[in-house]
S.K.: 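I'd like to ask some things about the structure below.
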Amino acid sequence: MNNQTFIVLLLALVLAIYVVMAVVAYIRMRGTRVIVCPENQESAAVNVDASHAAMTAVWDAEDIRLRSCSRWPEREDCDQACTGQIAVAPQETRAFEMLRKWYADKKCAICRRTIPPLHAVGPKPGMLNLASPSHETISWEEIPAEHLPVVFATHLPVCPQCQVAEAFRREFPDLIVDRNSRNAGNVH
Ligand SMILES: [Zn+2]
């Protein structure tokens, strides 16, 4: 191997390392996060500028700045002091991770079966509203991320199958066969 080839390979290796660092930072910083807003001490949903974090991670420590916040545009000129929470706990502040932990090893409030591990794709589990007189269920995808901490305290977990069944029952009440009524009809 001559010197020229060695230098080219060395540069390619350095470039590959930089690319890997950027991709790792991008993956770590993408997705919706829930933080406690230092201004009002309430939960807010934020998204980090993952591309900016990836680019800065190549040269120095990644710079975390926000791309969006549920308190914007009213508070868009804030100092983004919440980014310190993300730097300390990049994984734990992710909304999906919070949901994953909340559902982990829990039983469905309706069928009592253990809820399978949460995945980004496929049927989503739901939540049973304890405060609602009809105990209606909602999909966690319908819940704004900033409301998750409150929802965790006021709802019970529902498995994907029961969530689909309850959503169908709510959407098409006329198509649901009431077994008791049918049996009663047979008797009379
Ligand atoms: Zn169930």
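Ligands are counted one by one from 1 in listed order, and the atoms in each one are counted from 1 as well. Index from 1, following the sequence.
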S.K.: Enumerate the protein N/O/S atoms at a distance below 2.8 Å from the Zn ion (ligand 1), ignoring waters.
M.R.: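 Correct list: Cys108 SG, Cys111 SG, Cys159 SG, Cys162 SG.
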S.K.: Where does the angle between the aromatic ring planes of Trp102 and Phe152 fall among parallel (under 30°), tilted (30 to 60°) and perpendicular (over 60°)?
M.R.: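 Because their plane-to-plane angle is under 30°, the rings of Trp102 and Phe152 count as parallel.
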S.K.: The criterion is ring pair (Phe, Tyr, Trp, His ring centres under 6.0 Å); which residues satisfy it with Tyr18, sequence neighbours excluded?
M.R.: Trp59
S.K.: So, for Ala109 and Leu156, which heavy atoms are closest and what is the spacing to 0.1 Å?
M.R.: CB-CB, 3.7 Å
S.K.: Which residue pairs pass the ring-ring contact (aromatic ring centres under 6.0 Å, His included) test with at least one member in residues 107-127, sequence neighbours excluded?
M.R.: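 Output for this query is empty, none listed.
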S.K.: Considering only residues two or more places apart or on different chains, which pairs with a residue in residues 7-33 satisfy salt bridge (Lys or Arg N to Asp or Glu O under 4.0 Å)?
M.R.: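 Salt bridge (Lys or Arg N to Asp or Glu O under 4.0 Å) check on residues 7-33 returns Arg28-Glu62.
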S.K.: Charged N to carboxylate O under 4.0 angstrom, Glu146 versus Arg71?
M.R.: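 Result for this pair is no, no salt bridge flagged.
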